[in-house]
Amino acid sequence: MESLTSAPAIELSHVSKHYGSMQALKDVSLAVQEGEFVVIVGASGCGKSTMLNMIAGFDRPTSGRIQVQGRENTGVNPECGMVFQQYALFPWMTVEDNIAFGLKMKRMSKAERRNRAQEYIDMVGLRGFEKSYPKALSGGMRQRVAIARVLANNPKVMLFDEPFAALDAMTRQVLQEQLVRIYEQQRKTIVFITHSIDEALLLSSRIIVMSARPGQVVQDINNDLPHPRNADVQLSERYLELKRHIWHAVQAEVVRSIEAAA
Amino acid sequence: MESLTSAPAIELSHVSKHYGSMQALKDVSLAVQEGEFVVIVGASGCGKSTMLNMIAGFDRPTSGRIQVQGRENTGVNPECGMVFQQYALFPWMTVEDNIAFGLKMKRMSKAERRNRAQEYIDMVGLRGFEKSYPKALSGGMRQRVAIARVLANNPKVMLFDEPFAALDAMTRQVLQEQLVRIYEQQRKTIVFITHSIDEALLLSSRIIVMSARPGQVVQDINNDLPHPRNADVQLSERYLELKRHIWHAVQAEVVRSIEAAA
Amino acid sequence: MTAKYAPPMVSVERQPRWRRLKNPLISLVSFGALLLIWEGATGLGLIEPLFLPAPSQIAQRAIQMAEQGTLLGHIVASTWRVTVGFLIASLVAIPLGIILGFSQTSRAIFDPILSFLRPLPSMSWIPLSLLWFGIGESQKYSIVFMGAFAPSLLYVIEATKSVDPLLVKAAQNLGARPRDVMIEVILPGSLPQILSGLKVMLGIAWTCVISAELVAAREGLGFMIMNGKEYFQTDTVVLGMVLISVTVMATDLVFRFFERRILPWKA
Amino acid sequence: MTAKYAPPMVSVERQPRWRRLKNPLISLVSFGALLLIWEGATGLGLIEPLFLPAPSQIAQRAIQMAEQGTLLGHIVASTWRVTVGFLIASLVAIPLGIILGFSQTSRAIFDPILSFLRPLPSMSWIPLSLLWFGIGESQKYSIVFMGAFAPSLLYVIEATKSVDPLLVKAAQNLGARPRDVMIEVILPGSLPQILSGLKVMLGIAWTCVISAELVAAREGLGFMIMNGKEYFQTDTVVLGMVLISVTVMATDLVFRFFERRILPWKA
Amino acid sequence: AEVETSKVSYGGSSWLGHYPVWIGIKKGFFEKRGLSVDWKLFGTSSARMGALAAGDIDFAGTGSISALALMAAGSKAFYVVAAPESYATVEGIIATPEIKTVKDLKGKKLGVTFASSSHVLVLDVLEQAGLNPNKDVTLINLPAGDTPSAFKAKQVDAVATWTPAFNVLRAQENARVLLDDREFSLYKQYQFGPGPDVLTVSRTFADKNPKATAAFLDAFFEASEFITKEPAEAASLLQDLTQLPPEEQANVLKDIEWTGRAEQQKIMAREGDFPKGLQALADFLVRHKQIDKAPKVDSWIKTQVLP
Ligand SMILES: Nc1ncnc2c1ncn2[C@@H]1O[C@H](COP(=O)(O)OP(=O)(O)OP(=O)(O)O)[C@@H](O)[C@H]1O
Ligand SMILES: Nc1ncnc2c1ncn2[C@@H]1O[C@H](COP(=O)(O)OP(=O)(O)OP(=O)(O)O)[C@@H](O)[C@H]1O
Ligand SMILES: [Mg+2]
Ligand SMILES: [Mg+2]
């Protein structure tokens, strides 16, 4: 299997997911190539987190098949680092220990762990909080710890579930830039969920729009905006066109879901 | 005290808050008049949630005084309905029961509770999930339950801690409109935390910008944009000016906090 | 591309439907193996029957006592005593524990007496209970009650502390008065832990009933064990132990059934 | 503006510094009141001393026994037995419980034997323990161990279930192997509940030691109580009970001290 | 002769059957023969016999019922070597004055220590009177020490017990002795009480240390002779053990007949009264479903070690 380097980094084939009688995902097929930065947008409750969970191996599809780097998941796949929507920090560990957890699992020496962790603590702007427990952090600070924890662990595939939702615009921008830098330098494969279409356009190489429940892929858009995506790019015709397009696609689905409920 | 109708709905005088040696808020004085819609913006970790918690009576200031409707808090004040950053849904209650909880506390009859709850379930687009437990909801759906719970309870003062952070743009817009309608119809007093400056400008009658840790009020801006704040307003010169102004104010604080950390 | 570091996949331990029988099967096999080894060791004379009788000998004793009609009487007598004492203890301990868990002042008032009562083993109550209640059934109930009450109470208090304080705040914020907080938040929030605690308490209640049956009893599994001991009938002793186990397991099943109905949001 | 509905404010029960002494004070007063009523009731002859001796009489007995030098011996003997048996039981139960709580397969293997052992009261082990271990100290340790082990194990297994599964997922996602998950997540995550469980278990261990001292002991608080009973010295009986309470309370303080050091993130 | 070991352990209690060993220790009769005796306290005969079977002690005085039960359980771990004393008037049934005959016990509550000699006595006299112990009378299991308080508190109508509880109750108002051991069926036949005491020794110990065993018995009989000869001094020495007031202690001593060393050989012999009585007692216990099968008592009795 290791020789199949041309296989997609992540491949979903006809994946459906039911929770009891409720269908969360319906026949989703999607291939993410190595080095892609895929952003997923879609209405609240449409199945985005469900999809990410299954890619990480936390859950199994009801039907269909998910392969990561050519292998089907048999359990939690530690090669897919995940930033959870609910942070999932270890409450009994300090900020530093939370961030160094993955390194400890790789049996890295204590001193080295500490250095690496400090690097990422600085990156997310939490210097001074190394010894704090998660309980003593604000919402946005917790989210930053969760992000730093996965970045420090440096997995091949990174999955982000609304990682910047609790951050102010400025901190968000700083972290977006860091993420893009890491992505470009190390050619990671990234799947990223967000509700901000601007964020999607700024970060992605490809944007997936999902339908309302049950989730399906309704749009698969190649984001060909030039880099770096500075203010000029954000004012370009192409940017605004893509934004409008995606906005309408998502809006149509949300309206459909609200109508279905009413 | 009841006769002091001219007293502000919420008044903070020289409020400071310390957690151990860490100072979260520093000498904050702020008066919110009845019927105001105050939006607070500021860097992550600057003390916004802390301030809201103290207004609701969950915590006491280390020094200074907080009065709500002319009375100093002696404990949790049920007249200040709070939408928590971490949702705080009761895991053992269904969506319906969570939303009807406040009504039950008012000893409303079961049938009436049900009707009222259904109204708000529809409003936040969760029809069909009445009998679901929070565990079976997506992040955005949980947040909507938390919002509906407080709206259904109809308190005089409402406190929102990043209530729309986990929602897609469209659902967010729908709920923003609902909130504005409720505010205008019932002349509530609202304090609202967000990281979105657009959201702040759309909703508020007044915007408070807080400094980086320790939190202080650095800007107190009257939002005089005309209603309804439709696309025209959002393209107006005044809107863009305000947005730029606030953006710079927040940015300056974030930079200051990052520099302080480094 | 070469794979440098491929960390192992960690199984999520979720079984597809057809595998659901795997674990009960493993249990069955391990149980069978245990019995076989036991029977073999005693059958080959490696263990003297005075020290540990063979399972077959115990079964014979069971049949003999069942034919005499005494077996059921022992089981019923103990089970009834446990049930009465334990029910009373839980019915007092749960509400009281929730109040004490919620209100620091009431905890301060009750603390001295509770700290004194809590550590007292049921055995140590035997002398006083005999003086106070005589030798009737109520003395047995009282031993079970005294033995199970204080730990249950402590347990419930601890369980209330595991409820997320944020939920208490949320409830108060929605207008809940102290009583509402206790009924609507502390009780359901600590219920899972209370229930798992009650399972442990049920074990304690059985300890108590065995102690209680030491004196002034003429039936019950505790009596059976202690009487078997007097006559060096190790098979009767072990049979009594087996019966306690089986009875408690049966009670546990009932418990689990209720647990699932009481905690739908946990499933 | 008229106030229509003003819901009551609910106290958050957080005390400023000067009020920290309030609760201990309340406890002290309620303790004093209890003692006074007790002394009064017995002093006025409302209660016969055979049924319940006055506190002062108990104190006299304590002084007398302390002067004879026997008091400390009883306390030390029992405490030592509890400590040894309980420590061994916890040291086995905690790791085993975490493994069993995590791995369904291992749980299936051990289930038959554990389900059998778990419900057995320490009392019921007395006959077998006497045959197996004789009358030495090891028999006493074994009773404490057998009585405390199975409930502790059950308890630890239950505690592991209270760990948020999301945290297990997060750890696995960061490359944790099963062993890491157990040591780094299940253990610390269930530790608060394990510790509160161990407090209950310590109570059970004391029950066991009292049972154990029923037979073939010449000192220990259990012996003291039972011996007092033989001679109708109700004051000795109650003194024994008081001493158990006090000793357990002292152990509890040690426990709490460690608890605070082990769980800094809870404070 | 030199003994093989100088340390032996003895399981005893405050019951009168253990007086000689206690006195022997106090008076130095064992020491004189090179033995130091470690006195181990057990509340019940079965506990003592359990310890003997488990190899924890070398000698034990015990009621014969526990010895028979252990034989029935198939343990060969011990020998019966002596029958130290007989008593018939310090054990019996005490009842309220309305109860005049055994038949009057019908429908009443009777407290007795199960698996004790008193229990056997009750089963026997009820059988003699044609009463069914499971239906006609409510038997309640009470430790001997609890019988006086239960009787005084009127929780039971009658108790069957032995000294010192028996002596304490006999002195009570509203209590009368309904009968004592002399009513036991085997007593009439063999002068044999419902549970006479026997002295037992661990089989491994006796086989390995015949001289020490003989020395122990020698000292034991010297002590029992001393009690007969010097009851006053014996009573005061026993104070520590029984905690009875001196005059009551003296009374108890009066009711005991110590079997001397000479008699011992006679009654313990193969066809002697004692083995026969013991065998009859075993059959009695089987008949009353207290033990499963009667052991062949002879194979546990060892008289060769008697001095
Ligand atoms: N454990 C569960 N049991 C039952 N239903 C579930 C469970 N988890 C998710 N669901 C349902 O599956 C659907 C999709 O949920 P999911 O969390 O994937 O949504 P999402 O796209 O991430 O939404 P959001 O943007 O609000 O986070 C929702 O309708 C939710 O109710
Ligand atoms: N319980 C606590 N113990 C110690 N420090 C705390 C505690 N709660 C908050 N803090 C600290 O107080 C500061 C302000 O926290 P707060 O939650 O108010 O921030 P915030 O403005 O709401 O941030 P965010 O936008 O990220 O939610 C932070 O630095 C945080 O570390
Ligand atoms: Mg989601
Ligand atoms: Mg916040």
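Every chain is numbered from 1, with letters handed out A, B, ... down the list of sequences.
The distance from atom OG of D/Ser124 to atom CD1 of C/Ile225, rounded to the nearest 0.5 Å, is 4.5 Å. Of the inter-residue distances, the one linking D/Leu130 atom CG with C/Phe51 atom CZ reads 11.0 Å to the nearest 0.5 angstrom. If you take OG on D/Ser30 and CG on C/Asp111, they are separated by 8.0 Å, rounding to the nearest 0.5 Å. The distance from the CZ atom of D/Phe116 to the CE atom of C/Met249 is 7.5 Å, given to the nearest 0.5 Å.
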Going through the distances and angles, do C/Leu120 and D/Val248 end up as a side-chain contact (heavy atoms from CB on, under 4.5 Å)? CA-CA 9 Å; C/Leu120 289 178; D/Val248 177; over 6 Å; no
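Chain D forms the most heavy-atom pairs under 4.5 Å with one residue out of C/Gln193, C/Met201, C/Met226, C/Lys161, and that residue is C/Gln193. Put simply, of C/Cys208, C/Ser196, C/Pro192, C/Gly203, the one with the most heavy-atom pairs under 4.5 Å next to chain D is C/Ser196. Heavy-atom pairs under 4.5 Å with chain C were tallied for D/Leu131, D/Thr251, D/Leu117; the largest tally goes to D/Leu131. When each of C/Asp252, C/Ile126, C/Leu52, C/Asn173 is checked for heavy-atom pairs under 4.5 Å with chain D, C/Asp252 comes out on top. Heavy-atom pairs under 4.5 Å with chain D peak, among C/Phe110, C/Phe31, C/Tyr155, at C/Tyr155. Note on C/Leu50, C/Leu202, C/Leu154, C/Leu25: by heavy-atom pairs under 4.5 Å with chain D, the leading option is C/Leu50.
With a threshold of 4.5 angstrom between heavy atoms, D/Val238 approaches chain C through side-chain atoms but not through N, CA, C or O. Of the two parts of C/Ser211, the backbone and the side chain both hold a non-hydrogen atom closer than 4.5 Å to a non-hydrogen atom of chain D. Heavy atoms of C/Leu34 lying under 4.5 Å from chain D belong exclusively to its side chain. Residue C/Val246: no heavy atom, backbone or side chain, is found under 4.5 Å from chain D. Residue contact with chain C, scored on non-hydrogen atoms closer than 4.5 Å, involves the side chain of D/Thr234 exclusively.
With C/Thr207 contributing its side chain and D/Pro121 its backbone, the two residues share no donor-acceptor pair below 3.5 Å. Remark: side-chain polar atoms of C/Ser245 are not paired, donor with acceptor, to backbone N or O of D/Pro119 under 3.5 angstrom.
Among all heavy-atom pairs drawn from C/Ala108 and D/Ser27, the shortest one is O-OG, 2.7 Å.
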